[in-house]
Amino acid sequence: MEMIKIYKIVIILSYLFSQYGFSQSNKILIVNSSGAITKYAKNANEFKQSLSKDYQWSELNLAGLENPENELEKLIKTENPSVIYCIGTKAYLLAQQYVEDRKLLFSAAINWKRLNVNEKTYGISNELQPSQEMSFLKMFFPKVKKVGIIYSNKFNQQYVEQAKKEIQLLQIEIISQAIDESSEVASALNELLPKVDILWVISDPVVLDNKDVVVQIFKTAAAQQKQVYAYSDIYIQYGAVLSVSYDAGTTGGQAAGLLKSIPSQKVEVPAGTDITLNMCLIDKLKIDFNKSALSSVTNMFNCTQE
Amino acid sequence: MKKISILFFAFLLILTSSGLTTCFAEPVTIYFYNPESSIDNFAMLKTNFDDYLLKQGSYQFQPFNNMEKFEEKLDKKNSIYLLSSWHFNTLQKKYPLKIALLGTYKDTIKQKKVLCAKKEIVDLTMLKTIKVIAGAGSEAYSRSILQQILGTRYKEIDEIRILKVPKDIDALMAVGFGMAEAAISAEGTLKYLEDINPNQYKQLNYLGYSEANYLLVAATMDKPDKLESKLLDILYNMPADEKSQRDLLLLGLDGWKWK
């Protein structure tokens with residue numbers, strides 16, 4: 001009789017725990033901004049593969065959902081995860097509202113410093129460190145000494161200051177031009193381009209405000225026979241000679257690693273890189289580059305792809 | 001009429017036994033898998049190598065990012081297998097693979113892998129303080145290299161986390177940026193780091209070296225037949241042309257040497 005009573009209590013307590021916020025330590029909810037984006041899908045796949053067998057996961061793909069808030073809330077209630085892993089800014093902004101005391105992981109969130117992060121938030125930044133970017137530039141174009149950046153103080157003042165400090169050690173000089181509005185891009189380019197060997201396009205929503213400005217940047221640089229180095233491979237089609245960005249698979253593996261122990265840094269730099277080289281442009285303009293670096297290339301844009 | 005029918009059937013027989021079978025036969029294929037690198041460059045390799053090979057005849061390049069799928073192709077004739085020497089050694093017991101060509105880079109055919117750690121880890125007595133090792137290879141490859149470098153000391157870190165990155169230079173920079181305490185890398189890549197980021201290079205300590213292993217090798221099942229020999233010649237001649245020399249560099253090689 002006593003035994004039956006104990007069992008009853010245990011069953012009732014388990015039910016209450018699962019219903020009212022006692023999160024399950026081995027459950028992870030992956031919230032993906034869009035599973036259709038190749039990089040996000042790769043990120044999620046590597047994350048799942050890198051998880052140890054002790055973890056169970058469920059996934060919510062936000063793309064195409066009519067009411068993502070409801071779906072997420074429902075899933076959090078039924079699954080009761082201890083960790084929510086967000087891929088992309090959209091997923092992070094949404095999950096943040098329902099996270100409560102759970103651990104929140106993120107990756108692929110553009111400019112994470114703009115996001116609200118608390119003591120239980122950890123992540124992998126979308127952006128590489130300036131010295132990481134410059135090391136790869138040097139690897140392909142060792143003769144480059146002066147690099148130009150146009151940036152907005154609102155979003156990138158800190159990044160540019162950090163870049164200038166870090167890059168001194170690489171014997172590269174950063175020459176920068178700050179703007180407040182995208183309408184100032186043209187004059188900034190005319191001021192900057194004659195002073196530099198290459199233009200470095202960084203992730204800046206003011207500078208890269210719209211497609212017309214992007215086209216203008218690449219046209220002006222080409223007219224002044226200056227190459228463009230970009231933070232994302234989407235700019236290769238506009239005429240960037242090289243782009244280096246984070247490798248989504250590595251980021252997924254890194255995020256899984258953040259579950260295993262308390263990391264030394266709350267937000268880690270991406271450990272893996274994707275390199276795209278515009279071989280079509282290199283051949284057309286006979287641009288001198290370090291051919292030994294070819295073994296590091298992920299994608300190559302050939303003239304047949306134009 | 002009878003004569004015409006006989007002639008017609010004889011003609012058909014000739015067509016099916018020689019010309020047509022050649023037309024519809026599977027092209028001679030180079031199968032590629034490299035567990036020492038995780039660069040997701042298979043689409044680019046396929047495009048560039050097929051472009052070179054198709055100009056030479058009915059040949060194709062088939063890269064794999066999955067070891068099991070690559071190994072499923074291992075009993076085929078009319079095939080050349082492009083693989084790492086570490087993988088070759090693990091396969092030798094199961095398959096009669098024979099190396100035909102050794103990949104070269106700057107006149108060398110072998111390379112050593114190095115285990116290096118952040119400055120604070122001065123020697124192997126501090127091995128236990130390492131929690132994450134970055135490496136570009138598959139988990140099995142990285143652990144095998146660690147065993148080779150550390151010998152019996154490997155036991156001290158057998159449960160360590162391996163952070164898989166696309167290439168050696170990423171592994172070395174992962175130490176510099178604090179995502180790993182140590183990295184496995186080819187010796188040559190350390191020289192690279194010294195050139196492109198001397199500050200990060202200075203922050204590294206060498207903890208040990210692996211044995212010297214061949215770079216990529218090209219192998220066939222048993223002795224190469226006529227078609228395979230022709231394709232091996234085509235592969236060997238890649239450095240003769242500027243464009244195909246560049247394609248070969250995508251694999252980290254600048255030439256071949258006959259074994």
Side-chain angles (χ1 to χ4, degrees), chain A residues 38 42 46 49-50 52 124 128-129 131-132 134-140 142 166-172 246-254 256-257 260-261 263-265 268-277 279 282-283 290-302 304-305, chain B residues 37-45 47-48 51 65 105-106 131-132 134 136 139 161-181 183 186 188-189 191-193 195-202 215-216 242-243 245-254:
Chain A
T38 315
K42 201 176 157 191
E46 195 61 42
Q49 276 174 27
S50 306
S52 68
I124 317 296
L128 302 174
Q129 287 284 97
S131 65
Q132 225 173 341
M134 286 298 106
S135 299
F136 284 108
L137 177 65
K138 223 175 147 182
M139 189 170 166
F140 283 86
E166 278 184 22
I167 287 159
Q168 276 173 353
L169 300 161
L170 304 183
Q171 292 163 327
I172 286 178
Y246 74 94
D247 172 69
T250 310
T251 300
Q254 267 181 277
K260 290 171 189 163
S261 55
S264 53
Q265 307 167 61
E268 287 189 352
V269 175
T273 50
D274 258 2
I275 299 177
T276 303
L277 189 65
M279 196 50 82
I282 286 175
D283 285 340
N290 174 22
K291 291 188 184 72
S292 300
L294 282 169
S295 60
S296 298
V297 172
T298 319
N299 300 298
M300 189 179 273
F301 186 75
N302 293 312
T304 46
Q305 291 167 260
Chain B
S37 156
S38 304
I39 306 179
D40 185 4
N41 59 356
F42 309 104
M44 174 186 71
L45 290 176
T47 308
N48 285 37
D51 187 41
N65 60 359
Y105 183 70
K106 292 189 175 167
K131 291 186 189 109
V132 183
E139 175 110 11
R161 186 161 79 85
I162 304 281
L163 174 62
K164 194 169 84 174
V165 293
K167 46 201 174 290
D168 285 356
I169 194 78
D170 290 327
L172 294 174
M173 285 197 194
V175 180
F177 290 113
M179 284 84 79
E181 287 88 22
T189 313
K191 173 79 190 69
Y192 239 142
L193 184 69
D195 291 341
I196 65 171
N197 199 327
N199 192 48
Q200 280 207 350
Y201 176 77
K202 280 181 209 149
L215 304 171
L216 287 177
E242 198 193 329
K243 162 81 175 62
Q245 185 190 47
R246 225 158 56 181
D247 295 336
L248 196 55
L249 280 165
L250 296 172
L251 300 177
L253 305 175
D254 61 8

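A, B, ... follow the sequence lines: proteins, then strands. Residue 1 opens every chain. Keep in mind that what you see is a predicted model, and the values were worked out from it rather than measured.
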- Message: Could you tell me if A/S292 and B/Y105 have a donor-acceptor pair between their side chains, going purely by distance under 3.5 Å?
- Response: yes
- Non-hydrogen atoms of chain A under 4.5 Å away: do they reach the side chain of B/L163, the backbone, both or neither? side chain
- Please look at B/D51 and chain A and tell me whether the side chain, the backbone, both or neither of the residue comes under 4.5 angstrom of a heavy atom of that chain. neither
- Against chain B, label A/A293 side chain, backbone, both or neither, depending on which of its atoms sit under 4.5 Å from a heavy atom there. both
- Item | Residue A/L169 versus chain B: region with a heavy atom under 4.5 Å | both
- Message: Would you say A/T273 and B/D170 are linked by a side-chain donor-acceptor pair, where the criterion is simply a distance under 3.5 Å?
- Response: yes
- Message: If the threshold is 4.0 Å, N to carboxylate O, is there a salt bridge linking A/K138 and B/D195?
- Response: no
- Polar side-chain atom of A/Q129 near backbone of B/F177 as donor-acceptor pair, under 3.5 Å: no
- Item | Toward chain B, the part of A/M279 with a non-hydrogen atom under 4.5 Å | side chain
- Query: Any side-chain heavy atom of B/D40 within less than 4.5 Å of one from A/K42?
  - Reply: yes
- Query: Does the side chain of B/K167 pick up a donor-acceptor pair with the side chain of A/S295 at under 3.5 Å?
  - Reply: no
- Measure distances from B/M173 to the heavy atoms of chain A and classify the residue's part below 4.5 Å as side chain, backbone, both or neither. side chain
- Which atoms of A/P142 come close to chain B, meaning under 4.5 Å heavy atom to heavy atom: side chain ones, backbone ones, both, or neither? neither
- Hey, are the side chains of B/M179 and A/V269 touching, using non-hydrogen atoms and a 4.5 Å cut-off? yes
- Query: Relative to chain A, which segment of B/L249 carries a heavy atom at a distance below 4.5 Å: side chain, backbone, both, or neither?
  - Reply: both
- Is it the backbone or the side chain of A/I275 that comes under 4.5 Å from a heavy atom of chain B, or both, or neither? side chain
- Message: Please classify the contact of A/Q265 with chain B as side chain, backbone, both or neither, using a heavy-atom distance under 4.5 Å.
- Response: side chain
- Under 4.5 Å from a heavy atom of chain A, the part of B/R246 involved: both
- Message: Just to verify, which of B/D254, B/L250, B/L251 counts as forming a side-chain contact (heavy atoms from CB on, under 4.5 Å) with A/L294?
- Response: B/L250
